[in-house]
Amino acid sequence: MVTRFAPSPTGFLHIGNARTGLFSWLYARHHGGKALLRIEDTDKARSTREAIDVILDGLAWLGLDWDEQVHFQSEFEARHAEVAHDLIERGAAYRCYLTPEELKERREKAQAERRPFRLTSEWRDCTAAGPEGAPFVVRLKAPREGETAIDDLVQGRVAVANAEIDDFVLLRSDGSPTYMLAVVVDDHDMGVTHIIRGDDHLNNAFRQLAIIRAMGWPEPTYAHIPLIHGPDGAKLSKRHGALGVHDYRDLGFLPEALFNYLLRLGWGHGDDEIISREQAIAWFDLDHVGKSPSRFDLKKLESLNAHYIREADDGRLAELVAERLGGEVDLDLLVRAMPELKARAHDLGQLADGARFLFAQRPLEMDDGAAALLTPESRALLGAAHRALGKVSAWEHDELEKVVREVADEAGVKLGKLAQPLRAALTGRATSPGIFDVLALLGQGESLGRIADQMVEPNE
RNA sequence: GGCCCCAUCGUCUAGCGGUCCAGGACGUCGCCCUUUCACGGCGAAAACACGGGUUCGAGUCCCGUUGGGGUCACCA
């Protein structure tokens with residue numbers, strides 16, 4: 001059992017393609033078969049080293065690994081041409097000397113008469129040699145009678161009349177193979193048994209099958225997965241926002257969150273929502289892949305991400321946050337703060353944002369919410385707190401809570417009246433982790449300093 | 001337009017003829033917890049597109065309508 005994922009290097013790894021790759025990978029892993037990766041780099045202009053690396057990086061980030069070495073379609077070009085000529089010899093393909101202009105003319109004529117265009121090339125059954133030295137393409141002699149059917153693992157049985165399939169091009173006039181020929185040859189040569197891909201390729205399956213049958217090759221099993229749509233139901237495109245796997249990584253999503261989200265998009269396993277990589281491999285199948293396109297929902301991805309952030313190792317998160325914060329940060333402090341920080345972040349950006357106060361330089365800048373909390377009265381309260389906190393010898397959470405509560409009691413105010421100004425003074429914000437945790441994290445010297453920056457001496 | 005595919009809460013989905021006055025999750029809205037924000041807990045509103053069949057019985061099978069999508073290159 002061999003599957004393959006065959007992306008073309010377009011400069012980014014489309015989220016929809018990534019899901020197809022994930023399904024293809026999971027299917028192979030589930031059945032203990034081989035998962036192959038082939039880069040469709042026949043378009044020389046776009047297939048730069050960078051574009052290829054983007055795909056490789058993205059897949060690696062998601063944790064998808066591949067059997068054998070990575071294959072490149074461009075390496076097999078000679079083989080593609082060989083098969084095309086084999087097809088001509090078998091009488092299953094022919095040289096067509098129709099010019100692009102002639103083709104265009106016929107197409108436009110058909111369109112003007114509002115009838116579907118089906119090419120019937122006079123070269124199909126021509127036994128005479130073509131014009132001396134004239135350019136030609138090689139076309140498949142597609143069957144015209146009957147129908148072609150596939151038993152798709154996702155779509156079920158799908159049949160199409162052979163009259164719908166035209167004599168498509170196998171080899172261009174410059175001798176290069178078309179995608180249609182190349183995939184078929186590569187899949188066959190690589191021993192691919194299960195072709196799992198987007199259902200935008202469903203119509204191609206019939207054409208490809210025609211080549212396979214002409215060559216007498218074993219027919220692969222197909223599984224055409226519905227595409228991912230944007231929130232508005234239209235095909236996912238740039239105007240829907242982030243499209244590439246890298247975009248989501250940069251946005252602060254964890255790979256396991258995207259993995260889980262993509263897995264659940266178009267596939268389900270009962271009521272299970274949080275699914276680990278191991279469970280995914282154990283559970284994945286094709287009969288539970290839905291047949292209708294599913295819409296991309298950022299909110300659900302975010303909630304999954306929030307979940308995985310809470311689950312993630314503090315050290316790992318600290319490093320990711322440090323990267324985002326840039327400059328010198330105390331990794332140790334970050335790790336200690338992480339349990340408090342990660343409960344309130346949905347992505348790494350928010351996580352980094354929440355950690356910023358730890359490393360801020362005095363005097364702190366107050367945001368609007370914090371500034372509003374610092375009234376003359378609350379500044380006086382801070383003065384009282386400063387004095388009490390200055391005497392604390394055991395600078396830890398419980399002791400700090402006891403002291404702060406006493407200060408509030410003595411001043412005759414609720415804890416909140418003191419806690420909020422304290423938060424403002426200590427973090428420059430109106431929201432933060434628990435105030436006693438903040439004090440403990442910052443340490444006595446820094447805490448006292450930050451409070452002093454904002455307080456008013458009680459006796460002045 | 002031709003051909004092909006699809007159709008359960010706003011979204012992702014469970015459901016594979018009766019156990020469904022349709023279950024879970026995200027989102028939304030309440031309440032609780034609480035020093036803020038989160039987290040967590042509890043609860044609510046919210047769907048079988050429509051019309052015909054088949055069947056003792058249909059969200060589940062068939063047909064049609066409507067709506068959505070895909071595809072029609074010497075691109076992949």
Side-chain angles (χ1 to χ4, degrees), chain A residues 6-10 40-43 46 73 96 98-100 103-104 107 110-111 114-118 135-139 152 154-156 158-161 163-166 168-174 176-180 182-183 198-206 224 226-227 229 231 233-235 261 264-274 287-288 290-304 306 310 340-346 350 354 369-370 373 401 404-405 408 414-424 427 429-436:
Chain A
S8 51
T10 54
E40 310 260 282
D41 60 343
T42 43
D43 185 341
R46 287 195 295 185
Q73 187 154 67
C96 175
L98 253 26
T99 63
L103 246 27
K104 192 178 170 213
R107 207 171 326 231
Q111 200 165 37
R114 293 178 59 216
R115 59 181 167 78
F117 176 69
R118 285 283 116 63
F136 63 86
V137 298
V138 175
R139 290 182 185 277
D152 194 283
V154 170
Q155 306 289 338
V158 183
V160 90
E164 297 293 330
I165 302 168
D166 59 0
F168 56 94
V169 174
L170 262 20
L171 239 39
R172 302 189 186 92
S173 52
D174 66 358
S176 66
T178 59
Y179 162 80
M180 212 64 79
V183 253
D199 74 3
D200 49 339
H201 282 292
L202 184 56
N203 293 285
N204 288 337
F206 302 101
H224 288 93
L227 302 177
H229 286 175
K235 195 174 180 175
Y261 179 71
R264 281 286 290 100
L265 199 58
W267 178 83
H269 184 266
D271 285 341
D272 296 305
E273 296 288 347
I274 303 295
D287 7 285
H288 287 83
K291 296 170 87 172
S292 56
S294 33
R295 303 184 185 199
F296 192 85
D297 182 8
L298 192 61
K299 287 285 195 221
K300 187 136 185 179
L301 208 208
E302 281 172 351
S303 89
L304 239 17
R310 276 177 257 130
E340 285 298 315
L341 257 20
K342 69 184 185 181
R344 56 211 93 212
H346 287 184
Q350 291 174 6
L373 288 167
E401 170 159 10
V404 172
R405 282 187 188 277
K414 286 197 160 183
L415 181 56
K417 283 286 182 202
L418 174 56
Q420 280 300 83
L422 262 180
R423 185 186 320 279
T427 70
R429 309 203 171 181
T431 70
S432 80
I435 200 65
F436 311 120

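Bear in mind that the values here come from a model prediction, so they are computed numbers and not experimental data. Worth knowing before you read on, the calculation uses all heavy atoms, side chains too, and leaves out hydrogens, waters and symmetry mates. In what follows, chains carry the letters A, B, and so on, assigned in the order in which the sequence lines appear, proteins first and then strands, with residues in each chain numbered from 1.
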Report task. Could you check A/Gly266 against A/Thr178 and say which one's nearest nucleotide on RNA chain B is further toward the 5' end? Result -> A/Gly266

Query raised in the report: Where the side chain of A/Asp271 is defined as all heavy atoms beyond and including C-beta, which of B/U36, B/C39, B/G24 is the nearest nucleotide?
Result: B/G24

Requested in this report: Counting heavy atoms from C-beta on, name the nucleotide in B/G15, B/A76, B/C39 closest to the side chain of A/Tyr179.
Outcome: B/A76

**Report entry** Test item: A/Gln350 side-chain N/O and A/His346 main-chain N/O as donor-acceptor pair under 3.5 Å
**Finding:** yes

Query raised in the report: Does B/A45 have a Watson-Crick or wobble mate here (both distances under 3.5 Å), and if so which one?
Result: none

Query raised in the report: When rounded to the nearest Å, what value does the distance between C1' atoms of B/C20 and B/U8 take?
Result: 11 Å

Query raised in the report: Reckon A/Ala159 touches a base, only the sugar-phosphate, or nothing at all at heavy-atom distances under 4.0 Å?
Result: sugar-phosphate

Query raised in the report: Touch check for A/Ile435, heavy atoms < 4.0 angstrom, all strands: base, sugar-phosphate only, or nothing?
Result: base

Query raised in the report: What about A/Ser432: does its side chain form a donor-acceptor pair under 3.5 Å with the base of B/C37?
Result: no

Query raised in the report: Given B/U13, B/A25, B/C26, which nucleotide is nearest the side-chain atoms of A/Asp297?
Result: B/C26

Query - Inter-nucleotide C1' distance (B/G67, B/A49), Å rounded - result: 8 Å

**Report entry** Whether A/Arg423 side chain and A/Leu373 backbone form a donor-acceptor pair below 3.5 Å
**Finding:** no

Query raised in the report: Looking at the side chain of A/Arg118, which of B/C72, B/C4, B/G24 is the nearest nucleotide?
Result: B/C72

Query raised in the report: Reckon A/Ile165 touches a base, only the sugar-phosphate, or nothing at all at heavy-atom distances under 4.0 Å?
Result: nothing

Query raised in the report: Are any of A/Arg107's side-chain N or O atoms less than 4.0 Å away from OP1 or OP2 of B/C72?
Result: no

Query raised in the report: Using atom P of each nucleotide, how far apart are B/G64 and B/C6 to the nearest Å?
Result: 13 Å

Query raised in the report: Between A/Phe296 (CZ) and B/U13 (P), how many Å, whole number?
Result: 13 Å

Query raised in the report: Under 4.0 Å between a side-chain N or O of A/Lys291 and OP1 or OP2 of B/C6?
Result: yes

Report summary line: Mate of B/C50 across any strand shown (Watson-Crick or G-U wobble, both atom pairs under 3.5 Å) is B/G64

Query raised in the report: Between B/C72 atom P and A/Phe206 atom CZ, what is the distance in whole Å?
Result: 14 Å

Query raised in the report: Does a side-chain N or O from A/Arg139 land closer than 4.0 Å to OP1 or OP2 of B/C74, or not?
Result: yes

Query raised in the report: Which value, in whole Å, describes the distance between the P atoms of nucleotides B/G15 and B/U60?
Result: 15 Å

Query - C1' spacing across the pair B/A58 / B/C16, given as an integer number of angstrom - result: 13 Å

Query raised in the report: Taking the same atom, C1', in B/C33 and in B/C39, what whole-Å distance lies between them?
Result: 11 Å

Query raised in the report: So what does A/Val137 hit on the nucleic acid, given a heavy-atom distance under 4.0 Å: a base, only sugar-phosphate, or nothing?
Result: base

Requested in this report: Send over the distance from A/Lys417 NZ to B/U34 P, rounded to a whole Å.
Outcome: 19 Å

Query raised in the report: Has the side chain of A/Tyr261 got a donor or acceptor atom that lies under 3.5 Å from a matching backbone atom of A/Asp297?
Result: yes

Requested in this report: Answer with yes or no after comparing the ring centroid distance for A/Phe168 and A/Tyr179 against a 6.0 Å cut-off, counting only values under it.
Outcome: no

**Report entry** Interatomic distance where CG belongs to A/Leu202 and P belongs to B/G69 [whole Å]
**Finding:** 17 Å

Query raised in the report: Think A/Thr431 has a side-chain N or O under 4.0 angstrom from the OP1 or OP2 of B/A38?
Result: no

Query raised in the report: So what does A/Ser173 touch, heavy atoms closer than 4.0 Å: a base, only the sugar-phosphate, or nothing?
Result: base

Query raised in the report: B/U55 pairs with which nucleotide, Watson-Crick or G-U wobble, both distances below 3.5 Å?
Result: none

**Report entry** Rounded distance (Å) that lies between atom C1' of B/U28 and atom NZ of A/Lys300
**Finding:** 14 Å

**Report entry** Spacing of A/Trp267 atom CH2 relative to B/G15 atom P, expressed in whole Å
**Finding:** 11 Å

Query raised in the report: Which whole-number value in Å describes the distance from A/Glu164 CD to B/G1 C1'?
Result: 12 Å

Report task. Please tell me which of the listed nucleotides, B/C4, B/C6, B/C39, lies nearest to the side chain of A/Ser292? Result -> B/C6

Requested in this report: Just compare B/C4, B/C6, B/U13 and give me whichever is closest to any side-chain atom of A/Arg264.
Outcome: B/U13

Query raised in the report: Quantified in whole Å, what is the C1' atom distance between nucleotide B/A25 and nucleotide B/U66?
Result: 30 Å

Query raised in the report: Hey, does A/Thr10 reach any base, or is it just sugar-phosphate, or nothing, if we go heavy atoms under 4.0 Å?
Result: nothing

**Report entry** Rounded interatomic separation in angstrom, taking CG from A/Asp199 and P from B/U71
**Finding:** 8 Å

Requested in this report: Look at all strands and tell whether A/Asn204 reaches a base, only sugar-phosphate, or nothing, counting heavy atoms closer than 4.0 Å.
Outcome: base

**Report entry** Pairing nucleotide - B/C26, Watson-Crick or G-U, each distance under 3.5 Å
**Finding:** B/G10

Query raised in the report: Heavy atoms under 4.0 Å, any strand shown: does A/Arg429 hit a base, just sugar-phosphate, or nothing?
Result: nothing

Query raised in the report: Whom does B/C21 pair with, Watson-Crick or G-U wobble, provided both distances fall under 3.5 Å?
Result: none

Query raised in the report: A/Pro433 near the nucleic acid: base, sugar-phosphate alone, or nothing, with a heavy-atom cut-off under 4.0 Å?
Result: base

Query raised in the report: Does a nitrogen or oxygen in the side chain of A/His229 sit under 4.0 Å from OP1 or OP2 of B/U11?
Result: no

Query raised in the report: Would you say the side chain of A/Arg344 and the base of B/C39 hold a donor-acceptor pair, judged only by whether the two atoms sit under 3.5 Å apart?
Result: no

Report task. Please work out if A/Leu227 contacts a base, only the sugar-phosphate, or nothing of the nucleic acid, heavy-atom cut-off 4.0 Å. Result -> sugar-phosphate

Requested in this report: Using modelled atom types only, decide if a donor and an acceptor are shared between the side chain of A/Ser303 and the backbone of A/Lys300 within a distance under 3.5 Å.
Outcome: yes

Requested in this report: Remember a base hit wins even if backbone is also touched, and classify A/Phe436 as base, sugar-phosphate or nothing at under 4.0 Å, heavy atoms.
Outcome: base

**Report entry** First encountered from the 5' end of RNA chain B, between A/Asp272 and A/His269
**Finding:** A/His269

Query raised in the report: Could a donor-acceptor pair under 3.5 angstrom be found where the side chain of A/Arg423 meets the base of B/U35?
Result: yes

**Report entry** Side chain of A/Asn203 - closest among B/U71, B/U13, B/A76
**Finding:** B/U71

Report task. Just call it for A/Leu415: base, sugar-phosphate, or nothing, with non-hydrogen atoms closer than 4.0 Å on any strand. Result -> base

Query raised in the report: Can you tell me the Watson-Crick or wobble partner of B/G2, both distances under 3.5 angstrom?
Result: B/U71

Query raised in the report: Just checking A/Glu273: base, sugar-phosphate only, or nothing, at a heavy-atom cut-off of under 4.0 Å?
Result: base

Query raised in the report: Taking the side chain from A/Arg264 and the backbone from A/Trp267, do they hold a donor-acceptor pair closer than 3.5 Å?
Result: yes

Report task. Flag the pair A/Ser432 / A/Glu340 as yes when at least one side-chain heavy-atom distance between them is below 4.5 Å, and no otherwise. Result -> no

Query raised in the report: Can you tell me if A/Asp41 uses its side chain to pair, donor with acceptor, with the backbone of A/Gln73 under 3.5 Å?
Result: yes

Requested in this report: Tell me whether the OP1 or OP2 atom of B/G10 has a side-chain N or O from A/Arg295 closer than 4.0 Å.
Outcome: no

Query raised in the report: Between the main-chain N or O of A/Pro135 and the side-chain N or O of A/Ser173, is there a donor-acceptor pair closer than 3.5 Å?
Result: no

Query raised in the report: Which part of the nucleic acid, if any, lies within contact of A/Gly369, taking any heavy atom under 4.0 Å across all strands shown: a base, the sugar-phosphate backbone alone, or nothing?
Result: nothing

Query raised in the report: Taking atom C1' in both B/U11 and B/U28, what distance in whole Å separates the two?
Result: 12 Å

Query - A/Asp199 side-chain N/O to A/His224 backbone N/O, donor-acceptor pair under 3.5 Å - result: no

